[in-house]
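Everything below concerns the one structure shown next.
Here the structure is a predicted model, which is why all the values come from computation and not from measurement.
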Amino acid sequence: MADGNPGSGDYIVIKALESGVTVTGVTRGAENRFLHTEKLEEGEVWIAQFTEHISAMKVRGRAKLLSAYGEIESGRREK
């Protein structure tokens, strides 16, 4: 969180490159738990924010992820 305000955490943009991409938020604390799961269809975009409760995200499937730190593509490329 940039300024210590729990509502001002970094954002991440996830664009599904195929149908069925799953984005899961993971809690922070003594035990990590899956907090929320969202399923995206091809072309859908999900904008998420890291907060005092969400410390990690798991992306399953082909997706383009954009953040202040750069761009990365998840999943397997079609041959």
Side-chain angles (χ1 to χ4, degrees):
M1 285 147 274
D3 62 7
N5 180 350
S8 66
D10 289 334
Y11 286 88
I12 184 170
V13 177
I14 301 150
K15 180 178 182 181
L17 299 177
E18 66 182 4
S19 290
V21 170
T22 304
V23 181
T24 304
V26 182
T27 63
R28 71 173 72 234
E31 293 182 29
N32 290 344
R33 294 195 174 118
F34 295 114
L35 184 64
H36 178 84
T37 299
E38 189 69 30
K39 189 161 263 189
L40 304 176
E41 297 304 314
E42 184 175 359
E44 288 187 321
V45 174
W46 179 259
I47 301 171
Q49 181 181 32
F50 290 97
T51 66
E52 64 180 313
H53 299 292
I54 299 293
S55 63
M57 291 180 201
K58 177 181 177 179
V59 177
R60 178 172 285 169
R62 282 195 67 232
K64 183 180 285 190
L65 295 88
L66 300 115
S67 75
Y69 304 100
E71 180 180 316
I72 190 167
E73 196 170 300
S74 68
R76 296 184 180 155
R77 293 183 188 262
E78 295 179 20
K79 294 180 180 180

With side chain to side chain contact (heavy atoms under 4.5 Å, CB included) as the test, would you mind laying out the steps for V13 and V45 before giving the verdict?
-> CA-CA 7 Å; V13 177; V45 174; 3.7 Å; yes

Write down the atom of E44, the atom of E41, and the distance for their closest heavy-atom approach.
->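 Smallest interatomic distance, heavy atoms only, reads OE1-N, 2.6 Å.
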
Over all atoms of both residues, closest heavy-atom pair of S74 and G61 =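 Looking at all heavy atoms of both residues, the closest pair is OG-O, 2.7 Å.
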
L65 and I12: side chain to side chain contact (heavy atoms under 4.5 Å, CB included), yes or no, with the steps?
-> CA-CA 7 Å; L65 295 88; I12 184 170; 3.8 Å; yes

Test item: side-chain donor near acceptor, E42 and S19, under 3.5 Å |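 No donor-acceptor contact under 3.5 Å links the two side chains.
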
How many angstroms lie between [atom1] in [X] and [atom2] in [Y], if you round to the nearest 0.5 Å?
| X | Y | atom1 | atom2 | value |
| --- | --- | --- | --- | --- |
| I47 | L66 | CD1 | CG | 10.0 Å |
| L40 | E18 | CG | CD | 10.5 Å |
| T22 | W46 | OG1 | CH2 | 12.0 Å |

Residue pair M57 / F50, side-chain heavy-atom distance below 4.5 Å |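 M57 reaches F50 side chain to side chain.
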
Pair listing, salt bridge (charged side-chain N to carboxylate O under 4.0 Å, His left out) test, anchored in residues 64-73, at least two apart =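 Matches after skipping sequence neighbours: R62-E73, K64-E71, E73-R77.
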
